[in-house]
J.: 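A single structure is presented below for examination.
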Amino acid sequence: MAATQSPILQIRGLAKSFAGTRVLNGINLDVPRGSIVSLLGRSGSGKTTLLQLIAGLHEPDTGTLVIDGTDMTGVPPFARPVNMMFQSYALFPHLSVAENIVYGLKARGAPRIERDRLLAWALELVRLEGLGARRPEQLSGGQRQRVALARCLVMKPAVLLLDEPMAALDRSLRADVQKELTEIQRKVGTTFVLVTHDQDEAMAISDYIAVMEQGEIVQFGTPREVYEYPRTTFVASFLGTINLFTGSLVARAGRCQLVTEDGLEINANRATSGADGTRRTVGVRPEKVSISRESTHGANNFAGTIEQLSYCGNLSHATIRLSQHRVIEATVVNSDHTGASTFELGDAVHVAFPVEAAVVLSS
Amino acid sequence: MKKSSLTLVERLTIAIPFAWLLTFLALPLISVAALSIHVVADSIPPVAPLFSANQGHLALHVSMRGFQMVFEDPLYFVAFRNALVNAALTTAGCILIGFPIAFAIARSPARRRNLYVLLAILPFWTSFLLRAYAWMGLIRDSGPINALLLFLGIISKPVAILYSPTAVLLVMIYSYLPFFVLPMYAVLEKLPADLLAAASDLGARPAYVFRTVTVPLSMPGIVSGAILVFVPAVGEYVIPELVGSSSTMMIGGILWEEFFQNRDWPLAAAIALVTFGLLMLPALLLRRRLGQLAAVS
């Protein structure tokens with residue numbers, strides 16, 4: 001059916017100012033049905049405001065917001081087919097787990113039979129069977145999050161909004177809770193739109209990431225797309241670390257080649273428009289950089305000296321000095337447990353990275 | 001806790017409130033209790049000593065007459081009942097008026113809240129008696145309230161408010177209101193805004209949010225405010241004396257009369273003790289309820 005293929009949430013030209021300050025600037029976003037989409041950005045990037053506009057807590061200055069085919073302009077928060085999971089989870093401390101979960105159904109006046117049915121369904125879904133009589137204070141952080149999730153899911157929202165879902169949890173718990181969250185989402189198929197400032201969390205749980213900066217979505221794509229093919233230097237350095245090379249453009253055989261001020265010739269992954277001499281920046285992720293003792297002939301192959309080494313168990317991070325003003329970061333997997341092929345500080349080495357790994361960025 | 005684990009400073013810290021309670025609660029209470037079993041005498045002070053030496057024998061003079069009178073003479077029962085009803089109505093009035101005030105202060109912009117709290121307790125800056133007399137002027141037959149009602153044609157002849165139970169209630173609610181507003185405000189101000197937002201996000205209308213979230217979570221404030229109003233209101237003596245009717249006797253007035261006019265100190269002490277007992281029972285019950293509520297919030 002065509003209807004199920006259309007985006008569940010369509011945002012066009014959304015803008016919002018608070019006290020004369022532009023917080024959101026022409027946001028366009030299509031959220032595919034049944035997906036998990038992260039709004040990723042630093043504080044002040046506008047991600048929370050965007051979530052609040054979707055929830056209806058604020059009205060946009062301009063632009064439209066369509067949820068499941070219905071224009072939400074002027075629709076009050078309680079009448080929107082969305083629910084919000086708060087950063088604090090906002091569980092009612094004076095109510096039991098079960099009473100918390102059915103709160104919205106009761107407020108809506110749902111009959112008791114339906115409430116009981118949905119309660120049983122939700123408790124099983126979030127694996128809290130038998131804990132319905134507990135008070136929120138008697139639960140662990142992860143369990144509280146699941147109660148908050150269940151309380152929203154029984155409302156069968158078209159879109160579930162999650163505000164920093166992991167922020168209230170201990171760091172050590174997050175990996176497990178992220179897994180649980182995605183498992184529950186797969187089971188119910190509800191569309192999740194979540195706000196986070198943590199790029200690892202966004203990558204781990206999202207189908208799509210919308211990277212936000214200064215009130216705009218600077219890139220939208222799958223975690224892999226956004227990580228491997230960042231569009232701007234901001235996206236590239238916000239999601240993980242990256243080596244940046246800035247230089248003037250030399251077009252050779254339809255492929256982009258860059259010559260840096262210190263004379264390095266970098267071959268990049270795609271053709272680029274622009275006259276010779278245009279300044280461009282190319283990024284290379286550290287794990288794409290390989291280190292060897294001998295020079296391997298080919299493009300993007302440079303000699304240098306190991307200046308810093310840190311061993312992190314599964315990985316080692318190396319800083320290699322290529323010239324007086326330039327170092328390159330390389331991350332290597334420690335696949336050999338004997339450490340036979342390891343390098344020492346001060347070793348003269350050659351670094352290389354594939355042409356495909358050098359991504360042309362716009363600043 | 002093991003005794004040896006307490007440092008001198010810790011012991012002193014614990015000792016200070018204990019000493020306070022002993023000096024200002026236990027000792028007066030014990031002396032009142034002792035007074036209540038004395039025998040009345042025509043002397044100064046108007047009681048006979050508990051012990052006297054009589055021909056080499058130690059004689060003990062005790063009497064339960066005070067308690068006997070309190071429990072047998074219906075005058076005291078009626079006075080207790082009047083005082084409790086009046087205190088209960090005062091408390092109810094303070095909740096009905098004080099809750100919206102505290103709610104409004106807690107919901108106002110943060111920088112204006114302190115000003116509003118100041119305004120709420122501003123009447124304390126002037127003498128209580130002065131304010132009571134001001135009320136007497138306001139509600140007397142020829143006072144401005146009656147004049148306004150007459151002018152508006154709501155009444156055709158002045159309503160006798162002064163020297164009636166209504167006047168007592170009016171002035172008592174006015175006087176005790178800040179004692180309710182302050183603890184109520186303290187609780188409402190701390191009510192997490194997230195919870196209210198979550199409730200309305202789940203589709204609850206404002207009235208439903210108020211009933212199911214705001215009120216239950218503000219119970220600790222309602223209870224402590226109610227105790228602060230109810231307990232002193234039961235023993236209130238000045239307001240009924242100034243603006244009340246002489247036919248509606250309250251226990252505070254009776255106590256004053258027995259002590260100062262009839263000079264029956266043991267009876268007055270017995271009345272004080274029974275009042276204390278009457279108040280402790282509900283206060284303890286409320287405290288337990290408050291403890292349960294505090295545990296969940």
Side-chain angles (χ1 to χ4, degrees), chain A residues 51-52 54-58 75-97 99-110 115 118 134-139 144 147-157 159-164 167-168, chain B residues 95 99-100 102-103 106-112 183-227 285-297:
Chain A
L51 199 75
Q52 288 170 341
I54 300 170
L57 301 178
H58 304 296
V75 177
F78 60 82
R80 295 191 179 201
V82 296
N83 284 106
M84 165 107 75
M85 195 175 93
F86 289 73
Q87 190 173 342
S88 64
Y89 306 144
L91 298 180
F92 304 121
H94 59 299
L95 300 180
S96 69
V97 167
E99 287 166 334
N100 263 285
I101 292 175
V102 300
Y103 183 89
L105 298 170
K106 241 176 159 171
R108 197 165 68 185
R115 291 203 312 255
L118 284 167
R134 293 260 181 106
R135 299 265 167 185
E137 50 162 9
Q138 297 169 301
L139 302 179
R144 277 181 217 184
V147 175
L149 194 63
R151 187 173 71 174
C152 290
L153 288 174
V154 292
M155 303 303 287
K156 307 274 177 186
V159 179
L160 178 59
L161 308 172
L162 303 96
D163 186 8
E164 298 276 5
Chain B
I95 294 174
F99 191 96
F103 193 77
R107 288 279 157 272
S108 62
R111 65 202 151 77
R112 260 190 248 149
M184 194 68 250
Y185 162 72
V187 168
L188 285 175
E189 198 231 348
K190 276 184 270 161
L191 201 70
D194 265 10
L195 295 183
L196 305 179
S200 71
D201 177 76
L202 290 164
R205 301 297 174 110
Y208 191 82
V209 177
F210 184 78
R211 191 160 56 79
T212 56
V213 181
T214 312
V215 170
L217 289 178
S218 37
M219 273 321 270
I222 297 177
V223 170
S224 51
I227 290 177
L285 290 175
L286 282 173
R287 251 190 76 88
R288 181 175 300 176
R289 175 98 183 97
L290 195 64
Q292 289 166 350
L293 285 165
V296 301
S297 55

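These numbers come from the heavy atoms of this one structure, side chains and all, not from hydrogens, waters or symmetry mates. It should be emphasised that the depicted structure is a prediction, and the values quoted were computed from it without experimental measurement. Per chain, numbering begins at 1; letters A, B, ... match sequence-line order.
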J.: Got a second to check how far B:L217's CG is from A:L95's CG, nearest 0.5 Å?
T.: 8.0 Å
J.: Could you tell me which portion of A:F92 (side chain, backbone, both or neither) has an atom closer than 4.5 angstrom to a non-hydrogen atom of chain B?
T.: both
J.: With a 4.5 Å cut-off on heavy-atom pairs, point out which of A:P77, A:A107, A:G104 contacts chain B the most.
T.: A:A107
J.: Distance from A:E137 atom CD to A:R144 atom CZ, nearest 0.5 Å?
T.: 8.0 Å
J.: Taking all heavy atoms of B:L191 and all of B:R107, pick out the closest pair and write down the distance.
T.: CD2-NH2, 4.0 Å
J.: Say whether, by atom type as modelled, one donor and one acceptor occur between the side chain of A:R151 and the main chain of B:L202 under 3.5 angstrom.
T.: no
J.: Between A:S88, A:P76, A:A79, who has the most heavy-atom pairs with chain B when the cutoff is under 4.5 Å?
T.: A:S88
J.: Examine whether an atom of A:L91 lies under 4.5 Å from a heavy atom of chain B, and if so say whether it belongs to the side chain, the backbone or both; otherwise answer neither.
T.: backbone
J.: Under 4.5 Å from any heavy atom of chain B, what part of A:M155 do you find: side chain, backbone, both or neither?
T.: side chain
J.: Where is the tightest heavy-atom contact between B:A102 and B:L188, given as atom of each residue plus distance?
T.: C-CD1, 3.8 Å
J.: Answer with side chain, backbone, both or neither: which region of A:V154 has an atom nearer than 4.5 Å to a non-hydrogen atom of chain B?
T.: neither
